[in-house]
Amino acid sequence: MKMSKEAGSARQEVLEIVVAELERSLEAMESNYRRAVSNLNMLKERVEMDDLTRLLRRGVFMEKLHNLLFQSAPKGREVCLMMIDIDHFKRVNDGYGHQTGDVVLERVSELIKSYLRPEDLVGRYGGEEIIVAMQMSASEANSVANRIRRAVEAHRMISTNHAEFRVTLSVGVASTQEFKYEADVLISHADKALYRAKKLGRNRVVNAKDSLKVMLSLERAAA
């Protein structure tokens, strides 16, 4: 028995209503999913990022650095590590107050990030010390470090009482080309290069390879 025209039309209307309801349910599920992903990303950022600088926390940075070195070593891809320190930061805190010191840390962190690529790692190592890891050659890393140093030196800082001042950076750079694909080894050599940058008068970039050559020459001369 053939379905009447009226019955067919009614069935079509029911199907359209069901489809419309399913589409609305799907849209609601997609909206809830997007909101859940957004909340998850925000929570992850809160866990991974330093509250003040919005750089990676030290522990998170170290974990990501180990992964970067582990992935880079078999392919022989060069990884460079920078240790960056704000020169005479204690003078900023003592002269302008810790609130201004926090502002300086925030601004310096922003300037550093502006010269890095999305895939580069940057974290707050401790106090006013910032650590960066990049998959690039030592000469490229030195260029990036000097661009950052010059940008910070040229930037006008403003204290909470509206006094204008400037800060500078000292940077030590170490590369897997000269040293091992081990985080502790790279950090140690970059830290020694940073110490030498400070000994040489601050506001400069020192490569660990060059610093090591100087130290060996001095040792030979003293022997």
Side-chain angles (χ1 to χ4, degrees), residues 37-87 89 105-106 108-149 151-152 169-198 204-213 215-216:
V37 169
S38 177
N39 290 338
L40 181 62
N41 288 336
M42 288 174 61
L43 180 61
K44 185 179 178 182
E45 184 176 324
R46 291 277 312 258
V47 170
E48 291 189 343
M49 298 296 182
D50 175 69
D51 292 334
L52 175 62
T53 61
R54 308 312 300 158
L55 305 179
L56 292 172
R57 296 182 190 274
R58 179 170 173 168
V60 177
F61 177 91
M62 291 302 297
E63 182 180 345
K64 291 181 181 291
L65 175 61
H66 283 297
N67 290 338
L68 176 64
L69 293 172
F70 179 78
Q71 293 165 6
S72 301
K75 300 173 184 177
R77 291 178 177 169
E78 188 172 0
V79 175
C80 286
L81 188 131
M82 293 181 196
M83 293 295 289
I84 303 172
D85 194 64
I86 302 174
D87 296 326
F89 188 68
L105 265 173
E106 287 180 281
V108 168
S109 299
E110 290 170 2
L111 286 167
I112 290 172
K113 285 191 291 185
S114 70
Y115 284 89
L116 301 180
R117 305 167 301 183
E119 65 268 27
D120 297 331
L121 303 177
V122 55
R124 185 179 183 184
Y125 195 69
E128 72 277 13
E129 206 166 40
I130 294 169
I131 186 169
V132 176
M134 303 171 291
Q135 199 174 68
M136 62 172 60
S137 69
S139 61
E140 290 173 318
N142 286 342
S143 296
V144 172
N146 271 306
R147 287 199 294 272
I148 290 171
R149 181 188 60 78
V152 170
L169 302 179
S170 293
V171 187
V173 181
S175 165
T176 54
Q177 199 73 358
E178 285 78 38
F179 307 106
K180 297 178 181 179
Y181 282 87
E182 294 179 12
D184 292 343
V185 172
L186 277 179
I187 290 172
S188 175
H189 283 287
D191 205 43
K192 288 174 184 175
L194 170 62
Y195 178 76
R196 180 158 178 77
K198 289 185 172 293
R204 67 190 65 226
V205 176
V206 170
N207 191 284
K209 179 183 177 182
D210 299 332
S211 182
L212 185 62
K213 285 180 180 177
M215 290 176 64
L216 290 172

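- Minimum heavy-atom separation, Cys80 to Ser175: SG-CB, 3.7 Å.
- By the 4.5 Å heavy-atom criterion applied to side chains, Arg204 and Val171 are not counted as neighbours.
- Side-chain contact between Ser72 and Thr176 is absent, with no heavy atoms from C-beta onward closer than 4.5 Å.
- Inter-residue side-chain proximity for Lys113 and Arg54 is flagged as met; some heavy-atom pair is nearer than 4.5 Å.
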Decide side chain to side chain contact (heavy atoms under 4.5 Å, CB included) for Met49 and Arg57; before the verdict, give the C-alpha distance in whole Å, the side-chain angles of both, and the deciding distance to 0.1 Å.
CA-CA 5 Å; Met49 298 296 182; Arg57 296 182 190 274; 5.8 Å; no
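- Residue-environment remark: CD (Glu63) stays at or below the threshold of 12 foreign heavy atoms within 6.0 Å.
- Distance check, rounded to the nearest 0.5 Å: OH of Tyr125 to CE of Met62 gives 6.0 Å.
- There is no side-chain donor-acceptor pair under 3.5 Å between Asn146 and Ser143.
- For Arg124 against Leu55, the heavy-atom pair with the smallest separation is N-CB, 3.8 Å.
- Judged by distance alone, with hydrogens and angles left aside, the side-chain atoms of Ser188 form no donor-acceptor pair with the main-chain N or O of Val185 at under 3.5 Å.
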Please assess Val206 against Leu194 for the test side chain to side chain contact (heavy atoms under 4.5 Å, CB included), listing each intermediate value before the final yes or no.
CA-CA 7 Å; Val206 170; Leu194 170 62; over 6 Å; no
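- For the atom pair Asn142 CG and Lys209 NZ, the distance stands at 10.5 Å (nearest 0.5 Å).
- In summary, Asp191 and Arg196 do not engage in a salt bridge, as defined by a charged side-chain N under 4.0 Å from a carboxylate O.
- The side-chain heavy atoms of Leu56 and Asp50, taken from C-beta on, include no pair separated by under 4.5 Å.
- In this structure, NZ in Lys64 is found 10.5 Å from CG in Leu68, a value given to the nearest 0.5 Å.
- Scanning both residues, Tyr181 and Gly76, for their nearest heavy atoms gives OH-C, 3.4 Å.
- Atoms NZ and CG, on Lys198 and Asp85 in that order, are 3.5 Å from each other to the nearest 0.5 Å.
- For the residue pair Glu140/Ser137, the side-chain donor-acceptor check at 3.5 Å is satisfied.
- For the pair Thr53 and Val108, the minimum side-chain heavy-atom distance is 4.5 Å or more.
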List the steps and the verdict of side chain to side chain contact (heavy atoms under 4.5 Å, CB included) for Met82 and Ile84.
CA-CA 6 Å; Met82 293 181 196; Ile84 303 172; 4.1 Å; yes
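- Taking CD of Gln135 as the start and CD of Gln71 as the end, the distance is 8.5 Å to the nearest 0.5 Å.
- Side-chain contact between Arg117 and Asp120 is present, with heavy atoms from C-beta onward closer than 4.5 Å.
- Distance check: Glu178 CD to Asp210 CG gives 8.5 Å after rounding to the nearest 0.5 Å.
- Looking at Asp87 and Ser170, their side chains do bring a donor and an acceptor atom within 3.5 Å of each other.
- Within a 6.0 Å sphere centred on CZ of Phe89, heavy atoms belonging to other residues, nucleotides or ligands number more than 12.
- With a 4.5 Å cut-off on side-chain heavy atoms, Lys180 and Leu69 do not count as touching.
- Counted by atom type alone, Tyr115 and Arg147 present zero donor-acceptor pairs between their side chains at under 3.5 Å.
- When side chains are defined from C-beta on, Leu65 counts as touching Leu81, because their heavy atoms get closer than 4.5 Å.
- Nearest heavy-atom pair, Ala138 versus Glu78, reported as atom, atom and distance to 0.1 Å: N-OE2, 3.2 Å.
- Of all the heavy atoms in Met134 and Ala141, the pair that sits closest is CE-CB, 3.8 Å.
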Carefully, step by step, assess Leu121 and Val132 under the rule side chain to side chain contact (heavy atoms under 4.5 Å, CB included).
CA-CA 6 Å; Leu121 303 177; Val132 176; over 6 Å; no
